[in-house]
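Data block below; observations after.
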Amino acid sequence: MAWSTRFLTAVAFLAVGVVFAPDVLGSGSESPAAAVSAAKLCHLLAFATAWGAALWVTFIGGIIMFKYLPRHQFGNLQRKMFPAYFMVVSVCAAVSVAAFAYLHPWRAASSIERYQLGFLLSALGFDLSNLLVFTPMTIEMMKKRHKIERDLNIGQEVGGAKNKEAAKTNPQLAAMNKKFGMIHGWSSLANIMAFGSLAMHSWYLAGKLHF
């Protein structure tokens with residue numbers, strides 16, 4: 001995913017540039033109406049995509065797959081899906097940051113708008129930490145654990161009962177489980193924090209709606 005990583009890097013730099021140097025793009029109250037509408041549309045679509053993807057992967061799709069797929073099959077699917085998922089939500093978070101910063105330049109923004117920009121930046125930071133740090137580490141740990149489990153002839157069952165039972169008599173598997181659980185825990189925490197940041201922004205956007 002080298003091309004997508006370069007694209008994400010460019011979008012992230014654009015987002016940070018708009019936050020700290022908004023005048024470069026002529027943002028503010030005197031921006032053309034078409035540019036303002038385009039920025040609003042980009043922000044709304046990017047935020048909605050990130051929110052929907054995070055909601056599905058975190059609370060629906062991942063849980064269903066874990067409950068019904070053989071564990072190694074589930075892990076191999078996650079190994080392919082998670083980098084793409086975190087790439088999508090990171091790009092969407094970066095676009096949301098850039099669009100919101102364009103619409104609300106820091107110097108002219110209210111305290112609430114600055115808090116919202118902080119939430120969006122937090123979501124971007126947590127998503128990037130997962131994409132660039134935690135997910136590669138988790139995948140590497142999972143590969144090593146799968147190898148140990150294949151040698152023990154486990155991993156094709158649904159659920160982790162056989163793994164836990166085998167770990168009681170296999171110190172190598174027990175140690176790998178501990179390492180994997182720690183890295184996966186940090187990854188899950190970063191994902192939840194990103195989702196929570198988006199949730200805070202959704203509350204702000206809801207307050208702007210008029211029915």
Side-chain angles (χ1 to χ4, degrees), residues 1 4-5 7-9 11-16 18-19 39-69 74-104 109 111-142 160 180-209:
M1 299 185 72
S4 53
T5 301
F7 173 72
L8 173 59
T9 301
V11 174
F13 271 107
L14 173 63
V16 173
V18 175
V19 173
K40 289 181 178 180
L41 178 62
C42 288
H43 177 65
L44 183 61
L45 291 179
F47 168 79
T49 301
W51 169 263
L55 178 67
W56 175 262
V57 171
T58 305
F59 298 107
I60 303 173
I63 294 175
I64 292 175
M65 287 186 288
F66 179 76
K67 288 177 64 176
Y68 295 103
L69 287 178
F74 168 74
N76 290 331
L77 177 60
Q78 297 290 72
R79 189 175 75 187
K80 298 296 184 181
M81 186 178 73
F82 269 25
Y85 161 64
F86 286 120
M87 175 62 68
V88 169
V89 293
S90 294
V91 169
C92 288
V95 171
S96 293
V97 168
F100 194 84
Y102 177 85
L103 294 167
H104 306 283
S111 59
I112 294 177
E113 291 164 349
R114 291 182 179 183
Y115 275 119
Q116 294 306 314
L117 183 57
F119 286 131
L120 293 173
L121 283 169
S122 296
L124 174 59
F126 286 123
D127 288 332
L128 286 175
S129 68
N130 248 324
L131 176 66
L132 302 176
V133 181
F134 297 130
T135 293
M137 292 175 67
T138 301
I139 290 174
E140 188 62 28
M141 289 289 181
M142 183 181 66
F180 177 82
M182 181 181 67
I183 298 300
H184 187 265
W186 281 111
S187 176
S188 298
L189 178 61
N191 186 53
I192 289 295
M193 293 299 290
F195 182 82
S197 298
L198 294 177
M200 295 300 294
H201 190 61
S202 71
W203 186 267
Y204 166 82
L205 290 180
K208 297 293 183 181
L209 294 177

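Start at 1 with the first residue, then count along the sequence.
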(message) Just so I know, are the side chains of Met142 and His184 near enough to count as touching, which here means a heavy-atom distance under 4.5 Å?
(response) no
(message) Parallel, tilted or perpendicular, judged at 30° and 60°: which one describes the rings of Tyr85 and Phe82?
(response) tilted
(request) Give, for atom CG of Leu189 and atom CD1 of Ile192, the distance between the pair rounded to the nearest 0.5 Å. (result) 8.0 Å
(message) Using 0.5 Å steps for rounding, measure from the CE atom of Met193 to the OG atom of Ser188.
(response) 13.5 Å
(request) Find out whether Ser96 and Leu198 are in side-chain contact, i.e. whether some heavy atom of one side chain is under 4.5 Å from a heavy atom of the other. (result) no
(request) Taking the side chain as every heavy atom from C-beta outward, state whether Trp186 and Thr138 have any pair of such atoms under 4.5 Å apart. (result) no
(message) More than 12 heavy atoms of other residues, nucleotides or ligands under 6.0 Å from CE of Met65: yes or no?
(response) yes
(request) Heavy atoms only: give me the nearest Ser122-Ser197 pair and the separation to one decimal. (result) CB-OG, 3.6 Å
(message) For a quick test of reading the model, state the closest non-hydrogen atom pair linking Arg114 to Ala109 and the distance between them.
(response) NE-O, 3.6 Å
(request) Please test Asn191 against Phe86 for side-chain contact (heavy atoms from CB on, under 4.5 Å), starting from the C-alpha separation and ending with a verdict. (result) CA-CA 9 Å; Asn191 186 53; Phe86 286 120; 3.7 Å; yes
(message) Between Asn130 and Ser187 (side chain of the first, backbone of the second, donor and acceptor by atom type, cut-off under 3.5 Å), is there such a pair?
(response) yes
(message) Testing the basics here: between Pro83 and Arg79, what is the closest heavy-atom pair and its distance to 0.1 Å?
(response) CD-O, 3.2 Å
(request) Can you see which heavy atom on Thr58 is nearest to which on Ala54, and at what distance? (result) OG1-O, 2.7 Å
(request) Verify the ring-centre separation between Phe59 and Phe195: is it less than 6.0 angstrom? (result) yes
(request) Calculate, to the nearest 0.5 Å, the distance between atoms CG and CG belonging to Leu117 and Leu121 respectively. (result) 4.5 Å
(message) With a sphere of 6.0 Å drawn around CE of Met200, does it hold more than 12 non-hydrogen atoms of other residues, nucleotides or ligands?
(response) no
(request) Report yes if the side chains of Phe47 and Ser202 come closer than 4.5 Å at any heavy-atom pair, otherwise no. (result) yes
(message) To the closest 0.5 Å, what do you measure between CE (Met87) and OG1 (Thr135)?
(response) 10.5 Å
(message) Aromatic contact between His201 and His43, with the criterion being ring centroids under 6.0 Å apart: yes or no?
(response) yes
(message) Side chains of Phe100 and Phe119, heavy atoms from C-beta outward: is any pair under 4.5 Å?
(response) no
(request) Compare all side-chain heavy atoms of Phe74 with those of Leu77 and state whether any distance is below 4.5 angstrom. (result) no
(request) State the CG-CZ distance between Leu131 and Phe126, to the nearest 0.5 angstrom. (result) 15.0 Å
(request) Measure across Leu124 and Ala94 and return the closest heavy-atom pair with its distance rounded to 0.1 Å. (result) CD1-N, 3.9 Å
(message) Would you compute the distance between atom OG of Ser129 and atom CG of Asp127 and round it to the nearest 0.5 angstrom?
(response) 7.5 Å
